[in-house]
There are 2 protein chains.
Amino acid sequence: MKKNYTITDLAIRLGISKSTVSRALKDHPDVNMATRAKVKALAEELNYQPNLLASGLASKKSYIIGVIVPEISQQHFFAKVLEGIQHEAKEQGYSVMICQSDECFEEEVNQAQILRNNRAAGVLISLSRETQSFKHIENLKNSGVPVVLFDRTVSELPVSQVVVDDYKGAFELTHYLLEKGYRDIAYLSGPMSLEISRHRYEGYLQALRDYDINTADSRVYECLKLSSDVKEAVRKMLLEPKHPEAIMCVHDYMAVEVVRYLKERNIQVPQDIAVTGFAGDPVTDIITPTITTMKQPAYEMGRAATAQLIKEINAEDWDEVPAIKKVFDTVLQIKASTR
Amino acid sequence: MKKNYTITDLAIRLGISKSTVSRALKDHPDVNMATRAKVKALAEELNYQPNLLASGLASKKSYIIGVIVPEISQQHFFAKVLEGIQHEAKEQGYSVMICQSDECFEEEVNQAQILRNNRAAGVLISLSRETQSFKHIENLKNSGVPVVLFDRTVSELPVSQVVVDDYKGAFELTHYLLEKGYRDIAYLSGPMSLEISRHRYEGYLQALRDYDINTADSRVYECLKLSSDVKEAVRKMLLEPKHPEAIMCVHDYMAVEVVRYLKERNIQVPQDIAVTGFAGDPVTDIITPTITTMKQPAYEMGRAATAQLIKEINAEDWDEVPAIKKVFDTVLQIKASTR
DNA sequence: ATGAAAGCGCTAACAG
DNA sequence: CTGTTAGCGCTTTCAT
């Protein structure tokens, strides 16, 4: 088991001081070309590996970006955002520490603390569906750790945010259905605790209103747990005298559930009932029928959030970089689940 | 912006020494109950947060487990393994630092180094498809960082491994097809650079041999890049005088591609050609027809790999914990893509 | 049961 | 351009 060499080791072998070694290694300007070369050569030879704990401790800087996402295995969106985050971070010399809250508030708080204790330079968060209190976010900021929220955010929070225009997305999607002649459009909402759920719902409502449709009549179901809630909601709809002409879902994975359930019940999509999703998950292209959806630019959101975070990390000396809100547009993808 | 309190701050306010505070905080046995209580109370009050960089540096210990996966957005398997890893790690008091190699060797080496420089306590790796050299893994071990490989491993490496019996899985799957009467079974392989690809291929071959089928005749295509390779391979098959009765795919995502392409060409699955996958990705239940596959216990593999890693981390004082190889069985899931 | 002191590996003034 | 000197915040003998 080989020893891990330190700058002191290098210094001794070269007969120079630690500081010079340290400077040489990080290409500090005022260090003689010759010595720099010597140091680097030896470092290479001995396979010197800097101890980032030590350097972080001494410099009070770190190159780790923490990320907290609700989950990664159900929603392709998050996986794709992570890809964007990692690419942007890497390009700017940062590493990424990914944590999952499992949609659990307590766990989110926990992860935030761990990230903070590991002295992450900054943290990116997409809120769990349970999150209603934001002390953990304040704590981070108060400790000097910049935070950028993405996708699942809370507008009022004084932190930068990277989102999609959920209201507009849902509005446009509903509008599209209305133009196509659908009138009786049911809506499967996500948990109203999430701002994005509320925004999408609002967009849906407004579009209906623009068509003078009495929204009081429209069927809206809030689905918390996945599969069971969705099936239950659809089952109820089908019991009513007249089933809806279309079912809008707050998320692709719900739309998938709906389509599967309708198929099970031998109801044709879109002939009998149309279905739409939201997110642009690849699965919407795989299922039969393919599902009309609103694509979110996940990868770009990840990059943007990270770029902003790093900006705040760097600017931190002169504190108070204004919190920005970056809003991406969604793109309507018309597929076979609507006609 | 609040100050981050240190144990020194606590010590001064309580009029006791740093060491006592340190001990009290980590429930060291020989520290008076009363003082311990006082310390903890103050820590709570001031919202003291330990600096893990400092403690890691001083103790030469860390509670971070590094993970390197090829990617997370395409294969549900990896996302699920990560879930298992995180749960197990959390239960044992570890945090997880996830990195993606993006199927790129250079990046994998890079991430390994970053993890090492951040003094990860141990590292879990699933190899990129490019990886042919293993110096980065030796480097980790040589630096005293235990490594456990999972899924994409290399048997010869002297490190613990957590895998599925790929040979057996493919063998059984092929056997199942043969029993069902299929004889002309084409095979879409993954990159032969990966051991799992080779093992699955071997299992396929052996099953054919057991049925006295001339394997020289069987059509095998190695697919490297996803979509294009798969389509090309299937296109070729269809140009031949007689198309295969079944197409086995090394992975569910390939099977999905195949099914989509066959549908595009108006070829019935399974009536004209049967298709099978491997992994047990949820998408195999969503696509029409649903795809027969071999389920891998991803979550359990994640947990097992992590448990083993932590065992090695802890045992490390008395070095040379024997490297183990944990082999999980796969489960055949018969669905609509075969009859 | 507690304190003093040394040091983990590195950075960063400050001198020269 | 380079060396000296202090720490960063915490752990850990070794005394007491």
Side-chain angles (χ1 to χ4, degrees), chain A residues 2-40 42-43 46-64 116-121 143-145 317, chain B residues 2-40 42-43 46-64 116-121 143-145 317:
Chain A
K2 285 181 251 170
K3 178 182 159 55
N4 264 319
Y5 293 99
T6 71
I7 50 169
T8 310
D9 295 326
L10 301 190
I12 293 174
R13 295 188 190 223
L14 291 169
I16 61 179
S17 77
K18 279 192 334 185
S19 354
T20 304
V21 174
S22 174
R23 289 186 191 106
L25 255 17
K26 39 183 42 179
D27 292 314
H28 189 100
D30 43 46
V31 54
N32 184 7
M33 290 286 270
T35 45
R36 179 182 314 186
K38 277 200 305 188
V39 171
K40 290 203 167 179
L42 185 63
L46 299 184
N47 189 21
Y48 163 78
Q49 298 293 338
N51 183 328
L52 265 28
L53 298 186
S55 88
L57 178 59
S59 66
K60 291 174 173 305
K61 276 182 198 153
S62 110
Y63 290 89
I64 292 184
R116 180 176 162 204
N117 293 351
N118 278 298
R119 294 301 182 266
S143 311
V145 182
D317 304 325
Chain B
K2 285 182 250 168
K3 178 182 161 51
N4 265 318
Y5 293 99
T6 70
I7 51 169
T8 309
D9 295 324
L10 300 190
I12 293 175
R13 296 191 189 220
L14 291 169
I16 60 179
S17 77
K18 279 194 328 186
S19 351
T20 304
V21 174
S22 174
R23 290 187 190 106
L25 254 16
K26 37 184 42 180
D27 293 315
H28 189 101
D30 44 45
V31 54
N32 184 8
M33 290 285 271
T35 43
R36 180 183 312 186
K38 276 199 306 189
V39 172
K40 288 202 169 180
L42 185 63
L46 298 184
N47 188 22
Y48 163 78
Q49 297 293 338
N51 183 328
L52 265 28
L53 298 187
S55 87
L57 178 59
S59 67
K60 293 176 173 304
K61 276 184 198 149
S62 110
Y63 290 89
I64 292 184
R116 180 176 162 202
N117 294 349
N118 278 296
R119 294 301 182 266
S143 311
V145 182
D317 306 326

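Note that the structure is predicted; figures quoted are calculated from it, not measured. For the numbers below, each heavy atom of this structure counts, side chains included, while hydrogens, waters and symmetry mates do not. We name chains A, B, ... by the order of the sequence lines, and we start the count at 1 in each one.
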Quiz item: Which nucleotide in the set C/dG9, D/dC10, C/dT11 lies at the smallest distance from any side-chain heavy atom of A/Ala54?
Solution: C/dG9
Quiz item: Of the candidate nucleotides D/dC10, C/dT2, D/dT12, which contains the atom at the shortest distance from the side chain of B/Thr20?
Solution: C/dT2
Quiz item: Is there a side-chain polar atom (N or O) of A/Ser22 under 4.0 Å from OP1 or OP2 of C/dC10?
Solution: no
Practice problem: May I ask you to check whether over 12 heavy atoms, not counting those of A/Tyr63, lie within 6.0 Å of atom OH? | Solution: no
Quiz item: Of all the nucleotides listed (C/dT2, D/dT11, C/dT11), which has the minimum atom distance to the side chain of A/Ser59?
Solution: C/dT11
Quiz item: What is the nucleic acid contact for A/Tyr48, judged by heavy atoms within less than 4.0 Å: base, sugar-phosphate only, or nothing?
Solution: sugar-phosphate
Self-check item: Atom pair distance, as rounded to whole Å: CG in A/Leu10 and P in C/dT11
Solution: 12 Å
Quiz item: Rounded to the Å, how far apart are B/Leu53 CG and C/dG7 C1'?
Solution: 17 Å
Quiz prompt | Touch class at under 4.0 angstrom, heavy-atom based, for B/Asn51 against every strand present | solution = sugar-phosphate
Practice problem: Starting at atom NZ of A/Lys60, determine the distance to atom P of D/dG7, rounded to an integer number of angstrom. | Solution: 13 Å
Self-check item: Length of the line joining B/Leu52:CG and C/dC8:C1', which is rounded to integer Å
Solution: 15 Å
Quiz item: 5'-most contact on DNA chain C: A/Ser55 or B/Met33, nearest heavy atom basis?
Solution: B/Met33
Quiz prompt | Nearest-angstrom distance from the residue atom CG of B/Leu25 to P of D/dG9 | solution = 15 Å
Self-check item: Heavy-atom closest contact (A/Leu53 atom, B/Gly56 atom, distance)
Solution: CD1-C, 3.8 Å
Self-check item: Presence of B/Thr35 side-chain N/O under 4.0 Å of C/dT2 phosphate oxygens OP1/OP2
Solution: yes
Quiz item: Is any side-chain heavy atom of B/Leu10 closer than 4.5 Å to a side-chain heavy atom of B/Leu25?
Solution: yes
Exercise. Grab the two heavy atoms, one from B/Ala120 and one from B/Ser62, that are nearest each other, plus how far apart they are.
Key: C-OG, 3.7 Å
Exercise. Looking only at side-chain atoms of A/Arg23, point me to the closest of C/dA13, C/dG3, C/dT11.
Key: C/dA13
Quiz prompt | Shortest non-hydrogen contact from B/Lys3 toward B/Asp9 | solution = CE-OD2, 3.2 Å
Practice problem: May I ask you to verify whether the side chain of B/Ser19 and the base of C/dA4 hold a donor-acceptor pair under 3.5 Å? | Solution: yes
Exercise. Looking at every strand, decide which applies to A/Ile16 at a 4.0 Å heavy-atom threshold: base, sugar-phosphate, or nothing.
Key: sugar-phosphate
Quiz prompt | Check: B/Arg119 side chain, C/dG9 base, donor-acceptor under 3.5 Å | solution = no
Quiz item: A/Arg116 and A/Ser143: side-chain donor and acceptor closer than 3.5 Å?
Solution: yes
Practice problem: Find the distance B/Asn32:CG to D/dT16:P and express it as a whole number of Å. | Solution: 22 Å
Quiz item: A/Asp30 has an atom CG; how far is it from atom C1' of C/dA13, in whole Å?
Solution: 13 Å
Quiz item: For the pair made of NZ in A/Lys18 and P in C/dT11, what is the distance, rounded to whole Å?
Solution: 10 Å
Quiz item: So, is B/Ser17 near the phosphate of C/dG3, with a side-chain N or O under 4.0 Å from OP1 or OP2?
Solution: yes
